[in-house]
Amino acid sequence: MNYDALLDSAIQRLHDEGRYRTFIDIERRKGQFPRAKWVRPDGSERDITVWCGNDYLGMGQHPVVLEAMHEALEATGAGSGGTRNISGTTVYHKRLEAELADLHRKEAALVFTSAYIANDATLSTLPKLFPGLIIYSDELNHASMIEGIRRNGGAKRIFRHNDVAHLRELMAADDPAAPKLIAFESVYSMDGDICPMEEICDLAQEFNALTYLDEVHAVGMYGPRGAGIAEKLGLMGRIDIINATLAKAYGVMGGYIASTAKMVDAIRSYAPGFIFTTSLPPAVAAGAAASVRYIKTAQHLRDKHQEHAHVLKTRLKALGLPIIDHGTHIVPVHVGDPVHCKKISDMLLEHYGIYVQPINFPTVPRGTERLRFTPSPVHTLDDIDHLVRAMDKLWSHCALNRAEMSA
Ligand SMILES: Cc1ncc(COP(=O)(O)O)c(C=O)c1O
């Protein structure tokens, strides 16, 4: 058996399909984000502006977060030293979980090392708790949900994206007595569109199903306290399990679920992805808790965030660039071709110091390749201006289509 040859052919396949991923080495500068240094392979450096990060509100450098992390680091040291069961439950983890339960107005919350793990561990465990469970999953759900549902070995049905009629059809075809769960997201990260949450909750009620909502791209940014779209729509009480991340708008790391005390107790007790892994470092838990607490009242950040997204979308649209606009903070510009997408991304970086990673298959379907911009409150109007001008020039340079512009 030639293991090396097999690895070579696996990697070559990705090159052949134009989807071999190249990482860009960047060094963020505290207090200067979205400014960063790009360290090239030859060691030379260039100043860049990050336009594709998910530190949506710039909290990764916020003094309130850093102070809490420094304090915890000085007080307790680096790692937690164990799984949650064996010496890894600290006061910092407990405080963070209390903060999150309060955020979502739920009885309890459970912190995992990431939202990926929280989705995977929870969804793969639920059929153990509810034998015969059927999971109805939106076709565009994140890989972490797909993986959890796939691994759980239970029954699954995939409904067309945001298609409530299709979901109803699938649910109606199943045994009315079977336990059921609908798994979906609030803001879908690649198009920035929002689910029909109320209709989905209505269906769940009608078919006596549980609801599982991923608010990873919404927490911190929507709702009066940043609890997400469910809070904004007044529907938090109708969601049985909320999943989200501490790594995007909260700027730190980790993931969680929030639910009833009983549900959290059961997942805590049965999910291998929670049980058999070292808990987050206390300093990370402290930073995340500080961020969640701060953002509960930081409406000014949410407002600025939306304002910058709106300005960027309006300006790109005015140039006839094909923006996918669902009224959220995510600004995808549709290129529709992997080669052009990569080329524009490379030229933005090399010629304009603008860093936006091309989004190609399999993250998005072939033919929908895009540049996904994530404006934040810490990008300036000058940054937006620089980006818009660069996109205008490169769009012409690549002779890409523009939408008809109204007079
Ligand atoms: C919808 C969705 N859910 C879950 C995750 C995982 O989040 P984390 O980075 O905390 O693992 C992501 C990550 O991008 C995501 O987009």
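Atoms considered below: every heavy atom in the structure, side chains included; atoms not considered: hydrogens, waters and symmetry mates. Each ligand, and each atom within it, is numbered from 1 in the order the structure gives.
- Considering H310, H308, H305 in turn, H305 is the only one that fulfils the ring-ring contact (aromatic ring centres under 6.0 Å, His included) rule with H329.
- Taking a cutoff of 4.0 Å between a charged side-chain nitrogen and a carboxylate oxygen, E369 and K342 do not qualify as a salt bridge.
- Applying the 6.0 Å contact sphere to NZ of K232 captures no more than 12 heavy atoms from other residues, nucleotides or ligands.
- For R370 and T368, the side-chain atoms include at least one donor-acceptor pair closer than 3.5 Å.
- Contacts with ligand 1 closer than 4.0 Å are made by side-chain heavy atoms of N119 only, the backbone lying farther away.
- With hydrogens left out, the protein atom closest to atom 16 (O) of ligand 1 is H217 NE2, 2.6 Å, a heavy atom.
- Under a 4.0 Å heavy-atom criterion, S144 is in contact with ligand 1.
- Of the protein's non-hydrogen atoms, the one nearest atom 10 (O) of ligand 1 is T245 OG1, 2.7 Å.
- The pair D325-K317 meets the salt-bridge criterion, since a charged nitrogen lies less than 4.0 angstrom from a carboxylate oxygen.
- The nearest protein atom to atom 5 (C) of ligand 1, hydrogens excluded, is given as H142 CE1, 3.5 Å; this is a heavy-atom distance.
- In terms of protein heavy-atom proximity, atom 7 (O) of ligand 1 is closest to A115 CB, 3.3 Å.
- Nearest to atom 6 (C) of ligand 1 among the protein's heavy atoms is Y116 N, 3.4 Å.
- Of the listed options K248, E185, M253, E215, K248 places a heavy atom closest to atom 13 (C) of ligand 1.
- Side chains of W51 and H379 form a contact here, defined as non-hydrogen atoms less than 4.5 Å apart.
- Ion pairing between R268 and E97 fails under the 4.0 Å rule for side-chain N and carboxylate O.
- Looking only at protein heavy atoms, the nearest one to atom 3 (N) of ligand 1 is D214 OD2, 2.6 Å.
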